[in-house]
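What follows is a single structure, written as structure tokens, with notes after it.
We count residues from 1, following the sequence as given.
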Amino acid sequence: MKGLRGERLASQFREEIYRVIATKLRNRYSSLSAIISVTQVDVAPDLKTAKVYVSIYDPDTARKDASFKILKENAGFIRHELSQVLHLRTVPELSFILDGSMEYGAKIDKIIESLENQENKDD
């Protein structure tokens with residue numbers, strides 16, 4: 001969703017979705033990964049759907065996958081909680097997408113660091 005209103009709504013959705021995940025969802029599921037961040041929310045212009053990009057950091061891949069599955073399964077619960085906080089006519093249907101950009105960035109950082117270390121050893 002473009003425009004000032006769209007950016008404001010997307011930012012508000014991102015903050016509130018994170019708040020629901022960090023409090024109410026974490027209370028319901030103690031097995032959630034420790035670090036879950038909502039990186040971006042793309043809201044459709046008609047406010048019917050929203051893509052929620054989440055980044056989950058957990059060294060245990062199985063736990064990371066389980067946490068993402070919990071998020072996807074509880075999209076309706078999160079939407080309901082949003083409807084209690086946000087005063088909108090319609091709260092969009094949420095679809096969660098795993099954002100791997102932070103992991104990709106960390107991988108690139110490690111590669112660059114190893115190259116720099118290799119270069120220092122050669123000197």
With sequence neighbours left out, what residues match Asp58 under salt bridge (charged side-chain N to carboxylate O under 4.0 Å, His left out)?
Arg63

Mind listing the side-chain donor-acceptor pairs of residues 10-21 below 3.5 Å, one per line with the distance, residues two or more places apart or on another chain?
residue, atom, partner, partner atom, Å
Glu16, OE1, Arg19, NH1, 3.1
Glu16, OE2, Arg19, NH1, 2.7

Do Val52 and Ile78 make a side-chain contact, defined as non-hydrogen atoms from C-beta onward lying under 4.5 Å apart?
no

The side-chain contact (heavy atoms from CB on, under 4.5 Å) partners of Asn74 (sequence neighbours excluded) come to Leu25, Arg28, Tyr29, Ile70, Phe77

Smallest heavy-atom separation, Phe68 atom then Phe96 atom, equals CZ-O, 3.6 Å

Residues forming a salt bridge (charged side-chain N to carboxylate O under 4.0 Å, His left out) with Lys51, sequence neighbours excluded
none

Which residues share a side-chain hydrogen bond (donor to acceptor under 3.5 Å, both in side chains) with Glu73, sequence neighbours left out:
none

Approximate separation, where rounding is to 0.5 Å, of Ile97 CD1 and Leu71 CG:
12.5 Å

Could you list the donor-acceptor pairs under 3.5 angstrom formed between side-chain atoms of residues 81-89 and any protein atom two or more places apart in sequence or on another chain?
residue, atom, partner, partner atom, Å
Glu81, OE1, Lys24, NZ, 2.7
Ser83, OG, His80, O, 2.5

Indicate yes or no for a side-chain donor-acceptor contact from Arg79 to the backbone of Leu94 under 3.5 Å, with no hydrogens or angles considered.
no

Which distance, rounded to the nearest 0.5 Å, do you find between the CD of Glu116 and the CD of Glu113?
7.5 Å

Rounded to the nearest 0.5 Å, how far apart are OG of Ser95 and OH of Tyr53?
8.0 Å

Just checking, is any N or O donor in the side chain of Asp99 or Ser55 under 3.5 Å from an acceptor N or O on the other one?
no

Roughly how far apart are Ile56 CD1 and Ser67 OG, rounded to 0.5 Å?
5.5 Å

